[in-house]
Engineer: 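Provided herewith is a single structure, encoded as C-alpha cells, for subsequent inquiry.
To find a chain, count down the sequence lines: A is the first, B the second, and so on, and within it residues start at 1. Every value quoted in this text rests on a predicted model; they were computed, and no experiment measured them. The figures here come from the full heavy-atom set of this structure, side chains too, leaving out hydrogens, waters and symmetry mates.
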Amino acid sequence: MDNSQDESENDEQELDESMENSQDESESDEQEEFLEKKPLRPCTSPEQSPASFGQPLPKSPIPLKATPISAAFPMPQHKGGSSHDPLKETPMSAAFPMPGPKDEPSDDPLKATPISAAFPTRRHKDDPLKATPMSRSFPITRHEDESSDEDYKPFSGQKKSTPLKTAKRTQQAECSNAGNTKRRSIQRSLNRELAFSSSLSSNPNESVEEVMIMFDSLRRRILQLDENEDAGKRADLKAGSLMMQNGLRINNSKIIGPVPGVEIGDIFFFRIEMCIVGLHAPAMAGIDHTSAKHAGKDEILAVSIISSGGYENDDNDTDILVYTGQGGNSRHKDKHDQKLEGGNLALMNSMKKKNLIRVVRSAQDPFCNSSKVYIYDGLYRVEESWTEKAKNGFSVFKYKMRREPGQRDGISVWKMTEKWKANPATRNNVIRADISSKAEKLPVCLVNDVDDQKGPSYFNYVTGVEHSGPLRKTKPLQSCKCPSVCLPSDTNCSCAQLNSGYLPYSANGVLVKHIPMLYECSSTCQCCQNCRNRVTQKGVNLNFEVFWTGDSGWGVRSWDPIRAGTFICEYAGQIIDETNMNMGDEEDEYTFCTSWHSDKVSRWNLGAELLEEKSDNATTENLKKLPVVISAKRSGNVARFLNHSCSPNVLWQPVQYDHGDDSYPHIMFFAMKHIPPMTELTYDYGTRGAPPGIKGKFPNACKLKKCLCGKRGLMH
DNA sequence: GTAACTTCAATGGC
DNA sequence: CGCCATTGAAGTTA
C-alpha cells in the first residue's frame, strides 16, 4: 500500500481552545462506595506509571479557559499560516465552558451520581483519603504530571491508602449476585478515584486506544451484569454515559481536520465510540459542526459527517460521496422540506470556505445483521450542493464531497476485502489459496504483495493441539445440566459458576473479561452445541491471510473487521512439557510459552473493574505462569505466524473444555480492540518486560521473532 | 416496527 | 452578561 502522506498538508487545521472541565466536581455519588474501593491495579507494577496516563485535558483544577488545546496535543500538522484563519478569531464553542459533565450541576444526578447532589462539591477537601481525586487534593503534584511521564510515585502512596474497607466491600458484593442487581444498575458509577488517577496517556494514539478499550470493557461488562434483568438494553449508551460523566473522553472540542490518535481506516461499532474519541460528537445527528453561539450563524462550519449508507453512490469511485442533508424526516412529526440551518447550513458554509471535513462511512457488520460498522475514511471537501426531491416528495439538500488526495486508503480497503470475501479468486498475489487444505472452515490464503518470496517452509497444518504425553486428570470435566443452552439467568449452571458466576462470553460471542482460566462447556455438559459457552471449541471463523511483511517475516491479518473480544484462533501445535524443553528441544520462533502479560493486557479489563462493586482479584494479577509450552514448528495453524508487538491488538486467554488438567489449557487468541480489515494481528510475546523473578526458565523463549513496534500500518 | 435512549446547541428565565 | 434549567433536534440500537 502506498503510505499515506501524513495529514500534514491539510490546511486549516485548527484546534480550539480546550474546554476545560476541571476534573473535580461533585462526583460523590455514594460516599461509602468510594471508601470501599480497592485499587484495582497494582500500584507497584513496574511498567504502569499512572503519570503516563495523565489525562490530557483536565490537567489543572483551574478552568483553563485560555489554554489552547494545542498545548496538550502538540499538532505537527498545524500550519504556521493558519494564524490568519478566521477560525482563530472566532472562537468556537469549545473555548467556552460548555455544559461539561464536571462542574455541572445540571448533570442529572439521578443518572449516575445519586447521592452527590446532596453534597456540596468540595466536601472531601478536609479528608483527602476520602477518595478525593488526586487532582483536587494535590493540584501541584497533578501539575507535575503534565511535564513528566515517569514520576508517578507520589501517587502510589495515596492510591494504596484506599482499600480500607475492602473486606466489607467484598463481602457485600458477594451476596449481591442475584438480589442486588437492581440496585447496582441504578447506582452504577465508576470508581472515580481510579478513573482519575489512571487517566489518559498524553500520546494521542495511546489515549484513543485507552478510551476505546475502556469503553468496550465497560460495555461488555454492563451487558453481562444487566443481562438477566429487564435493564439489559443499550449497554453502549450506559457505558458511553459513564465515560462522558467521568471525563473519560478525548479531543473534546470541535477540531477541523484530523483528530489526534484516530487514523484513517479505524473502525467503530457504536456512534458513542466516535463521540468519546472526538471523531464525531453528536450522539445521533449525522453532521457535526462548530457552534454558532460566538461565531455567528454564518460562520458555523461542518467538522465531520457520518454517512449512513443510504445515498452513497455505489460505483467504485470511493473518492466521491454524495451526502444528503439532515432534517425533515422525523418519524415523530410531520415531514417537511429540509431547512438551511444547523448541519445543512454548516455544510454550505464549508463549501464556501473549502474547509476539510472528516467523513465516516458505514457498512453492514458481517457478523451481526442488525448492526453497523463505522469506518473513518479521512478528509473530504464539499464541491457542490443542490436540492432535490426525495422519494417522500419533500426537498432535501445534497452535497457532493470529494476525498482529499494523498491520504491512505480508507473505505477502499473495506471494499477490496468485501470483494475478496465474495470471490477469493479476485485477490492478487496469491501463492496458495488455502494453506489449511480445508482444515479450517474458511480458506487461509497465503499472499505476497511485496516481493517474490515464495512462502514459509513446510509445516503440517493442524487446527488444534496434540499432546505428546498423557495428561494428569487433576479434576473432572465440567458438566452442566442446562437444557438446550446455558443462560445467564440460570444460577445453577455449573459452568458459569466455574467462571466466577458469569458466562464468559456475551450473547454475540465476544469475550467479556480476560480471566485466569476460562471454562467452556464440555462434551459432558447437557447443553447443545449452540450454547454460547462454546466459542473457541468451534474453531476459527475469520477470513485470514498469511502475508509476507517484507522485513518481519510472515504475518497474519484478516479480511474481516474484528470487534474487540472476538475469538481469533487457537495456538495450535504440539504440546511440549517444560521439562522436555530443558532437554534439547530447542525453543524457536514457533514456540509458545505463557509469559507475564503485558500491561496492556491487564488494562483490558480496566473498564469492567472500575465499574465494579466487587474488587475482583481473580484477574490478571493472579495469573500464574503455566507449564504448557506449545511448539508449532512441525505442525500448527495461522497462530504460528502471529508476530510480536509491544502495541498488540490480540491477547491470549487460557481456555479449558476437553480435559481436566489446568496446567495445559488451550491457548486462545482474542481481539483486544476493534481491528480493521487488513491490519496485522499481533500479540505481546511478553516475558521481556516481566518483573524480575517471574520470567520463568526461558527468559528469551518467546522473544525470538522481531518486534514490529514502530512500524504500525503495513496496510493500515 | 417500535420504544427507549443520547448529546449538544439553543433558548428562556433569573 | 452569566448562570442555570429546559427544550428541541438529530438518529441508533435492540
Engineer: Separation of A:Asn251 atom CG from B:dT7 atom C1', in whole Å?
Structural biologist: 17 Å
Engineer: Taking atom types as modelled and ignoring hydrogens, do the side chains of A:Ser217 and A:Asn605 form a donor-acceptor contact shorter than 3.5 angstrom?
Structural biologist: no
Engineer: Find the distance A:Gln326:CD to C:dG11:C1' and express it as a whole number of Å.
Structural biologist: 10 Å
Engineer: Suppose you measure atom P in B:dA10 against the same atom in C:dC1; what distance do you get, rounded to whole Å?
Structural biologist: 15 Å
Engineer: Check the side chains of A:Trp386 and A:Glu388 for a donor-acceptor pair under 3.5 angstrom, ignoring hydrogens and angles.
Structural biologist: yes
Engineer: For the side chain of A:Ser371, counting heavy atoms from C-beta on, which of B:dT7, B:dA9, C:dA14 is nearest?
Structural biologist: C:dA14
Engineer: So, does A:Arg234 get its side chain near the phosphate of C:dG11, meaning an N or O under 4.0 Å from OP1 or OP2?
Structural biologist: no
Engineer: We want to know whether A:Glu520 and A:Thr536 form a side-chain donor-acceptor pair, criterion being a heavy-atom distance below 3.5 angstrom.
Structural biologist: yes
Engineer: Write down the distance between CE (A:Met284) and C1' (C:dA10), rounded to a whole number of angstrom.
Structural biologist: 7 Å
Engineer: Are A:Lys398 and A:Thr324 linked by a side-chain donor-acceptor pair shorter than 3.5 Å?
Structural biologist: yes
Engineer: With distance as the sole test, does A:Asp216 use its side chain to make a donor-acceptor pair with the main-chain N or O of A:Ile213 at under 3.5 Å?
Structural biologist: no
Engineer: So what does A:Gly342 touch, heavy atoms closer than 4.0 Å: a base, only the sugar-phosphate, or nothing?
Structural biologist: nothing
Engineer: Could you check how far CZ of A:Arg219 sits from P of C:dT13, rounded to whole Å?
Structural biologist: 11 Å
Engineer: Could you tell me whether the phosphate oxygens of C:dG11, OP1 or OP2, come under 4.0 Å of any side-chain nitrogen or oxygen in A:Tyr374?
Structural biologist: no
Engineer: Between P on C:dG11 and CD on A:Glu273, what's the gap in Å once rounded to a whole number?
Structural biologist: 20 Å
Engineer: From C:dT12, B:dC8, B:dT6, pick the nucleotide closest to the side chain of A:Leu237?
Structural biologist: B:dT6
Engineer: Please check the phosphate of B:dT7 (OP1 and OP2 only) for any side-chain N or O of A:Ser241 closer than 4.0 Å.
Structural biologist: yes
Engineer: Whole angstrom is fine here: how far is it from CD1 in A:Ile276 over to P in B:dC8?
Structural biologist: 12 Å
Engineer: From the options C:dA10, B:dC8, C:dT13, select the nucleotide whose nearest atom is closest to the side chain of A:Met244.
Structural biologist: B:dC8
Engineer: Can you find a side-chain donor-acceptor pair between A:Tyr505 and A:Asn508 that sits under 3.5 Å?
Structural biologist: no
Engineer: Just how far, in rounded Å, is C1' of C:dA14 from CD1 of A:Ile222?
Structural biologist: 16 Å
Engineer: Taking atom P of B:dA9 as reference, at what distance in whole Å does atom CG of A:Asp288 sit?
Structural biologist: 7 Å
Engineer: Consider the side chain of A:Lys254, meaning its heavy atoms from C-beta on, and name the nucleotide among B:dA9, C:dT13, B:dT7 that approaches it most closely.
Structural biologist: B:dA9
Engineer: Where the side chain of A:Ala283 is concerned, which of C:dT12, B:dT6, B:dA10 is the nearest nucleotide?
Structural biologist: B:dT6
Engineer: What's the closest nucleotide to the A:Arg271 side chain, out of C:dA10, B:dC8, C:dT13?
Structural biologist: C:dT13
Engineer: Would you say C:dG11 has OP1 or OP2 under 4.0 Å from some side-chain N or O of A:Ser308?
Structural biologist: no
Engineer: Please tell me which of the listed nucleotides, B:dC8, B:dA9, C:dT13, lies nearest to the side chain of A:Cys275?
Structural biologist: B:dC8
